[in-house]
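Below is one structure; the comments refer to it alone.
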Amino acid sequence: MPGRYFIVAPEEGANLYPADFDDAPIAAAYARPRYNISPQQTAPVLRLIEGEFIESGMRWGFAPRWMKDPRQAQINARSETVFEKRMFQHAAKAQRCLVPVSGWYEWQPVDGGKQAWAIHMPGFAAFALAGLWTVGNDREGGPEENFLTLTAEPSEQLRPIHHRMPVILDADGCRTWLDPDADRQALQALLRPWPGELSLRAVSSYVNSIRHQGPECLEPDGS
DNA sequence: CCAGACGTTGTT
DNA sequence: GTCTGG
DNA sequence: CCAGACGTTGTT
DNA sequence: GTCTGG
């Protein structure tokens, strides 16, 4: 995963972004709460363009311009092979980005159904997922930027919930991931399960429907 | 050389 | 069951 | 990721 | 666009 995530204001401004990064683009990304971001939605992305740290809205679903069939858009790429796969190698070299989040959702298969979980940092600290962006086609065939997130093996903590997890970047990780001159080895070293503890919250199936966009998505499961 | 593919997750 | 839409 | 649709002929 | 398969 993830196939669904959320953005909320962090408690007491806590975040894992580099302290020396310009705060304005980050603040812009977290300005509006988003409780249920799904594939195809437009969501904020952070990147370096000509040395400038900027925030942009992009569609979630990576589909380069040559890809005529939009059904082939990818929301995730496996971090283990992202530098080798034809579809991703150019972006992995030159179009890396940060996907600002507060956490993501997972659905754990359980007897008779699925348990939804919200996974986040303690205190809902803001953090970044490793992402790639590209330019694809909008509905009229014009250029439109889109993005994906990278996945890794799960941490020990998350293994019971799911067999993949998104790549989480700490402050140094953000710096390196956005560094246009970073070498592949340094980049690949960032693509690992998150070594820290995360907070897990069981939430209700309210979050399942993307028609539900309110804060109820994050409320603890009553059952 | 040209043609055709290019991907993940989850489930079985 | 499988694909599309969000 | 999950939810929801999945189709045609003919008539307006 | 770029790589793989034939």
Side-chain angles (χ1 to χ4, degrees), chain A residues 1-7 32 34-44 57-96 99 101-120 129-141 143-155 158-168 184 191 193 198 200-214 216-218 221:
Chain A
M1 319 316 179
R4 222 62 96 72
Y5 65 93
F6 59 94
I7 294 174
R32 180 163 88 88
R34 301 281 299 275
Y35 295 94
N36 203 356
I37 296 172
S38 64
Q40 299 186 61
Q41 283 189 35
T42 296
M58 295 189 195
R59 251 164 113 78
W60 188 14
F62 182 100
R65 269 210 117 171
W66 53 258
M67 186 183 279
K68 295 306 178 198
D69 185 354
R71 294 172 301 184
Q72 292 173 21
Q74 299 296 309
I75 62 170
N76 298 137
R78 293 176 63 84
S79 60
E80 296 91 333
T81 53
V82 70
F83 289 96
E84 293 140 30
K85 298 286 186 180
R86 306 197 261 288
M87 189 165 170
F88 306 131
Q89 57 186 4
H90 175 70
K93 263 184 220 146
Q95 292 172 176
R96 297 183 298 273
V99 180
V101 309
S102 297
W104 74 97
Y105 298 104
E106 297 281 18
W107 281 263
Q108 176 188 31
V110 292
D111 289 343
K114 290 178 181 182
Q115 174 64 55
W117 297 89
I119 303 167
H120 59 93
L129 303 181
L132 302 178
W133 65 275
T134 190
V135 178
N137 301 302
D138 66 15
R139 279 163 204 251
E140 283 87 44
E144 181 184 62
E145 292 172 330
N146 55 52
F147 73 97
L148 58 69
T149 60
L150 302 193
T151 66
E153 289 283 296
S155 61
L158 294 188
R159 197 170 294 280
I161 307 263
H162 224 72
H163 69 108
R164 299 295 286 171
M165 74 177 289
V167 172
I168 297 173
R184 179 173 154 175
L191 307 179
L198 293 157
L200 294 177
R201 171 186 291 192
V203 297
S204 78
S205 60
Y206 184 84
V207 72
N208 289 16
S209 172
I210 57 153
R211 293 183 309 186
H212 295 152
Q213 291 286 327
E216 298 92 334
C217 291
L218 267 182
D221 193 354

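These numbers were taken from a predicted model, which means no experiment stands behind them. Letters A, B, ... mirror the listed sequences (proteins, then strands); counts begin at 1.
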What contact category does A/Ala77 fall into here, base, sugar-phosphate, or nothing, at under 4.0 angstrom with non-hydrogen atoms? sugar-phosphate

Identify the heavy atoms of A/Asn208 and A/Ala116 that sit nearest to each other, and give their distance. OD1-CB, 4.5 Å

Taking side chain as C-beta onward, heavy atoms only, is A/Glu145 less than 4.5 Å from A/Phe147? no

With a 4.0 Å cut-off on heavy atoms, is A/Phe62 in touch with a base, just the backbone sugar-phosphate, or nothing at all? nothing

Would you mind reading off the distance between A/Ile75 atom CD1 and B/dT9 atom C1', rounded to a whole angstrom? 8 Å

With the side chain of A/Asn76 defined as its heavy atoms from C-beta on, choose the nearest nucleotide among B/dT9, E/dG1, D/dA3. B/dT9

Under 5.5 Å between ring centres and under 30° between planes: does that hold for A/Trp66 against the base of B/dC6? yes

So, is A/Arg71 near the phosphate of B/dG7, with a side-chain N or O under 4.0 Å from OP1 or OP2? no

Kindly indicate whether the side chain of A/Pro154, heavy atoms from C-beta on, has any atom under 4.5 Å from the side chain of A/Arg159. yes

Just checking A/Gln41: base, sugar-phosphate only, or nothing, at a heavy-atom cut-off of under 4.0 Å? nothing

If we only count heavy atoms from C-beta on, is the A/Pro64 to A/His90 side-chain gap below 4.5 Å? no

Can you check the A/Trp104 CH2 to D/dC2 C1' distance for me, whole Å? 19 Å

Is the shortest side-chain heavy-atom distance between A/Pro2 and A/Leu129 below 4.5 Å? yes

Considering only atom C1', compute the distance from C/dT2 to D/dT9 and round it to an integer number of Å. 25 Å

Distance check, C1' atoms only: B/dT8 and D/dC1, in whole angstrom units. 12 Å

Just call it for A/Trp107: base, sugar-phosphate, or nothing, with non-hydrogen atoms closer than 4.0 Å on any strand. sugar-phosphate

Using whole Å, what does the distance between atom P of nucleotide B/dT11 and atom NE2 of A/His163 come to? 8 Å

Could you give the CE-to-P distance, from A/Met87 to E/dG1, as a whole number of Å? 16 Å

Both distances under 3.5 Å, Watson-Crick or G-U wobble: on that basis, could you give the dot-bracket string for DNA chain E, with [ ] for crossing pairs and | for other-strand partners? ||||||

Heavy-atom side-chain contact between A/Trp104 and A/Val99 under 4.5 Å: no

Quote, to the nearest angstrom, the P distance that separates B/dT11 from E/dG1. 38 Å

What integer distance in Å separates A/Met67:CE from B/dA5:P? 13 Å

Do A/Ser204 and A/Asp221 have side-chain atoms, one donor and one acceptor, less than 3.5 Å apart? no

Between B/dT9 atom C1' and A/Arg164 atom CZ, what is the distance in whole Å? 9 Å

Give the rounded distance in Å between these two atoms: CD of A/Gln213 and C1' of D/dC2. 13 Å

Please give, in whole Å, the distance from B/dT9 P to A/Lys85 NZ? 11 Å

If you compare every side-chain N and O of A/Thr151 against the phosphate oxygens of B/dT9 (OP1, OP2), does one of them come in below 4.0 Å? yes

Cut-off 3.5 Å, side chains only: do A/Gln41 and A/Ser38 have a donor facing an acceptor? yes

Can you tell if the side chain of A/Arg96 reaches within under 4.5 Å of the side chain of A/Leu132, non-hydrogen atoms only? yes

Pairs: protein N or O with nucleotides 2-6 of chain E N or O, under 3.5 Å:
residue : atom : partner : partner atom : Å
E/dT2   : O3'  : A/Gln89 : NE2          : 3.2
E/dT4   : O4'  : A/Arg86 : NH1          : 3.3

Residue pair A/Thr149, A/Asn76: steps toward the side chain to side chain contact (heavy atoms under 4.5 Å, CB included) verdict: CA-CA 5 Å; A/Thr149 60; A/Asn76 298 137; 2.9 Å; yes

